[in-house]
Amino acid sequence: MRLNEMLFVTLRETPAEAEIPSHQLLLRAGYIRRIGSGIYAYMPLMWRVLQKVSQIVREEMNATGAQECLLPQLQPSQLWQESGRWDTYTKAEGIMFSLTDRSDRELGLGPTHEEVITTIARETIRSYRQLPLNLYQIQTKFRDEIRPRFGLMRGREFIMKDAYSFHADEASLKRTYQAMDQAYRNIMTRCGLKFRPVDADSGAIGGSGSQEFMILAEAGEDEILYTEDGNYAANTEKAVSLPPDLEDSPFSSYEKLATPETETIAKLAEVVKCSPTVIVKNVLYEVLYDNGMTVLVLINIRGDRDVNEVKLTNELTKLAPQYKGKTIISLTVPDAAAQKKWAAKDLPLGYIAPDLDDDYIVASKTVAKNFLRLVDRTVVDAKNFVTGANEVGYHVVGANWGDNFTLPELQVDIQEAKAGDRAIHDPRQILSSARGIEAGHIFQLGTKYSEAMGANFTNEQGKTEPLWMGCYGVGVSRMAQAAVEQSHDKDGIIWPVAIAPYHVVVIVPNISDAEKMAAGEKLYQEFQQAGVEVLFDDRKERAGVKFKDSELVGIPYRVVTGRSLSEGKVEVVKRATKESQDLPIEEVVATIKQWIEQDLLSKE
RNA sequence: CGGGAUGUAGCGCAGCUUGGUAGCGCACUGCUUUCGGGAAGCAGGGGGCGAAGGUUCAAAUCCUUUCAUCCCGACCA
């Protein structure tokens with residue numbers, strides 16, 4: 001491609017809207033343009049990058065025997081009502097754009113495609129003989145994100161590869177899950193990315209096991225906890241750990257103490273002179289289920305630990321049937337306004353005890369009359385602990401379960417693991433923290449959707465059974481930006497060769513120099529004939545502008561028909577290292593072609 | 001949804017306090033010189049200040065409403 005004929009606009013200054021390097025660089029180098037919040041146009045160079053990423057994804061998927069297809073983005077609400085996700089996706093998480101057509105039919109713009117694919121499966125899969133199957137597509141997804149951010153990192157419209165597999169039994173599902181795990185590792189590696197697979201929460205997609213592929217970068221939205229031995233890595237949302245040991249309580253007898261102005265754990269620990277680990281913290285949450293039922297949740301957890309709301313949400317979802325609900329609409333710490341709706345009297349905030357009386361709640365048809373009491377495992381064995389006295393300005397010390405408070409029956413793990421905690425698999429290993437960008441996520445769905453939607457097959461024994469399913473996603477556009485986040489310098493982008501929009505840029509420093517222009521033109525033709533993806537900078541610009549642009553845009557190899565031309569040589573510069581050398585003009589094409597081939601091979 | 005901030009030319013910004021009819025840098029157009037690290041000079045073109053309403057002789061500037069965008073938080077009392 002000749003730059004002179006291309007829509008090629010770079011910016012000298014960073015647009016104010018961009019915060020992180022990858023977003024700034026993609027805008028400055030002219031790869032993307034913002035059209036609305038979380039909505040971007042992919043310009044010609046970006047589209048080439050996205051197609052390269054897609055092609056790598058496609059090759060790795062095909063290699064596992066998966067088949068590519070294309071599913072509709074416009075999806076009837078009926079399908080989502082069958083799976084039970086219409087309400088959660090349009091109301092609770094509010095992540096699905098929904099619309100009504102001229103005949104008053106409700107439709108959603110596909111944020112994901114389990115419903116569609118399951119419909120197809122139930123209509124077409126009859127027998128175990130057709131299994132296993134794995135169907136995938138690469139397509140634009142729509143999600144009404146709460147807060148779109150960082151350019152392509154979290155957009156409301158983005159490109160995703162999603163795959164869905166169907167199986168006769170769990171063992172077959174696990175085999176495909178393993179194959180996908182390997183395919184995803186291959187994809188990330190081939191794209192030149194540093195990544196880490198981690199245990200993950202399944203979220204609203206549901207199902208049992210799931211794993212995320214995190215691209216390591218400081219700007220990542222997720223925190224990863226891992227051990228140096230390589231045997232454990234998990235998203236903080238999901239991570240389990242052994243907290244630091246309990247310290248001995250300085251109290252041996254039960255006593256009520258005046259502790260004015262000790263609403264926070266830090267202040268309390270200072271005033272009563274004890275470690276936060278001997279404090280039992282009591283946290284109040286308010287959960288709203290999909291049937292309109294509000295339940296107040298009282299959690300007892302160790303003073304030095306925080307509640308992991310993802311874990312809590314999972315526990316509360318399990319308990320939903322108890323309140324005749326199916327899913328959670330919202331989970332909040334009730335503020336003063338929220339408390340007014342159900343509190344019979346002022347709560348002793350900051351001084352709540354595990355036995356906070358249920359008469360604080362004004363029960364009604366929509367508010368459960370008792371607190372849902374959950375105790376985190378961190379305080380089940382607490383001895384002589386410190387906790388609130390249900391009276392502003394007072395705490396109790398030397399308390400024990402059984403003697404002073406009833407240990408709640410529901411014992412759960414809802415503490416948030418932190419860097420520095422010990423690992424469960426080997427307590428000698430300490431968890432370290434890193435930040436990552438979630439680029440891929442694979443799930444073992446099990447029979448959740450097939451059961452809900454009646455997608456059955458006949459097994460070898462002639463029995464009707466629900467299909468086992470898995471689903472597997474890759475954020476294609478997110479991965480492309482993540483690559484920039486991971487690979488850039490002060491001058492611009494440094495694309496991994498495998499996903500660079502072009503491999504070589506031929507620069508003529510001054511197009512009015514006929515000899516240099518002719519040499520550039522000849523090289524451009526030769527690169528093309530050799531099948532090398534080449535850009536030709538034949539613009540009427542000064543040399544400095546062309547050099548700056550080539551670095552900003554991040555083309556891996558630069559060839560300059562410049563000063564050394566008189567000796568029959570051209571300058572070749574590697575973008576990543578800025579390493580420069582003069583090569584005889586007749587050897588350049590073959591040499592660079594070989595470098596590119598090596599670059600691509602070494603990643604496979 | 002809450003909090004913070006910002007909307008003035010394609011991009012980055014000034015001007016608003018103290019109303020007087022829009023400006024700077026980059027980019028863009030033409031010419032001259034320059035020509036391997038975002039050139040210099042000269043001459044140009046483009047916006048009516050996010051939108052709507054109001055106050056006023058007069059509004060980017062003051063008031064009201066509204067829309068959009070960005071950032072932080074979605075949290076333990």
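Convention: sequence-line order gives letters A, B, ...; per-chain numbering from 1.
- In this structure, B:A14 forms no base pair with any nucleotide, since neither Watson-Crick nor G-U wobble geometry is met with both distances under 3.5 Å.
- With its glycosidic angle more than 90° from 0, B:A5 adopts the anti conformation.
- Residue A:E541 has its side chain nearest to B:C28 when only B:C76, B:G10, B:C28 are considered.
- The nearest whole Å value for the distance from the CD atom in A:E145 to the C1' atom in B:C1 is 16 Å.
- Spacing of P atoms, B:G46 relative to B:G23, comes out at 12 Å, to the nearest Å.
- B:C31 sits 33 Å from B:G15 when the C1' atoms are compared, rounded to a whole Å.
- The partner of B:G19 is absent, by the rule that a Watson-Crick or G-U pair needs both atom distances under 3.5 Å.
- Look at B:G73: its Watson-Crick or wobble partner, with both distances under 3.5 angstrom, is B:C1.
- B:G48 shows a glycosidic angle within 90° of 0 and is accordingly assigned syn.
- When the C1' atom of B:C75 is taken as reference, atom CD1 of A:I414 falls 13 Å away, rounded to whole Å.
- The same atom, P, is picked in B:G54 and in B:C13; the two are 33 Å apart, to the nearest Å.
- Nucleotide B:G50 holds its C1' atom 12 Å from the CZ atom of A:R34, rounded to whole Å.
- Taking atom C1' in both B:C42 and B:A52, one finds a spacing of 44 Å when rounded to whole Å.
- Among the atoms of the strands shown, none is found under 4.0 Å from any heavy atom of A:T332.
- Contacts of A:A18 with the nucleic acid, taken as non-hydrogen atoms under 4.0 Å apart, are absent.
- Distance A:N510 CG to B:U33 C1': 14 Å, rounded to the nearest Å.
- Contacts of A:D549 with the nucleic acid, taken as non-hydrogen atoms under 4.0 Å apart, include base atoms.
- At the heavy-atom level, A:L347 lies nowhere under 4.0 Å from the strands shown.
- Here the side chains of A:H395 and A:T262 are in contact, with some heavy-atom distance below 4.5 Å.
- Relative ring orientation between A:F405 and A:Y254 is described as perpendicular, the plane-to-plane angle rising above 60° on a 0-90° scale split at 30° and 60°.
- Side chain of A:E13, nearest nucleotide from B:C28, B:G12, B:C35: B:G12.
- Remark: B:A68 base-pairs with B:U6; criterion is Watson-Crick or G-U wobble with both hydrogen-bond distances under 3.5 Å.
- Distance noted for atom P between B:C67 and B:A14: 26 Å (whole Å).
- Side-chain contact between A:N4 and A:F536 is absent, with no heavy-atom pair separated by less than 4.5 Å.
- Distances were taken from every side-chain heavy atom of A:E551 (C-beta onward) to each of B:G25, B:G37, B:A39; the shortest belongs to B:G37.
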**OP:** Just do the salt bridge (charged side-chain N to carboxylate O under 4.0 Å, His left out) check on A:D358 and A:R373 with the steps written out, would you?
**Re:** CA-CA 11 Å; A:D358 290 329; A:R373 295 166 196 271; 3.0 Å; yes
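- As judged by a 4.0 angstrom heavy-atom cut-off over every strand, A:P509 is placed among the base-contacting residues.
- Residue A:R147 places at least one side-chain N or O closer than 4.0 Å to OP1 or OP2 of B:C72.
- Ring planes of A:F142 and A:F97: perpendicular class, angle over 60° (limits at 30 and 60°).
- Across the protein-nucleic acid pair, A:L11 atom CG and B:G25 atom C1' stand 14 Å apart, rounded to whole Å.
- Base pairing of B:A59 is not made with any nucleotide, judged by Watson-Crick or G-U wobble geometry with both donor-acceptor distances under 3.5 Å.
- Applying the 4.0 Å criterion to OP1 and OP2 of B:C35, one finds that A:R542 has every side-chain N and O outside that range.
- For B:G45, there is no paired base (Watson-Crick or G-U wobble, both distances below 3.5 Å).
- Comparing the C1' positions of B:U55 and B:U65 gives an interatomic distance of 15 Å, to the nearest angstrom.
- Closest to the A:R149 side chain, of the nucleotides B:G73, B:G12, B:G10, is B:G73.
- Here A:R302 lies out of heavy-atom contact (under 4.0 Å) with every strand.
- In this structure, A:S37 reaches the B:C70 phosphate: one of its side-chain N or O atoms is under 4.0 Å from OP1 or OP2.
- For A:K548, taking side-chain heavy atoms from C-beta onward, the closest of the listed nucleotides B:C70, B:G37, B:C71 is B:G37.
- Considering only heavy atoms from C-beta on, A:S477 stays 4.5 Å or farther from A:E157 through its side chain.
- Taking atom P in both B:A40 and B:G47, one finds a spacing of 27 Å when rounded to whole Å.
- Nucleotide B:U32: paired with B:A40 (Watson-Crick or G-U wobble, both distances less than 3.5 Å).
- Spacing between atom CZ of A:R28 and atom P of B:C11 amounts to 15 Å, rounded to whole angstrom units.
- No more than 12 heavy-atom neighbours from other residues, nucleotides or ligands sit within 6.0 angstrom of CD on A:E515.
- A heavy-atom distance below 4.5 Å is not found between the side chains of A:Y31 and A:M43.
- What separates CZ of A:F8 from P of B:A27 is a distance of 15 Å, to the nearest Å.
- The nearest whole Å value for the distance from the CD atom in A:E19 to the P atom in B:C71 is 6 Å.
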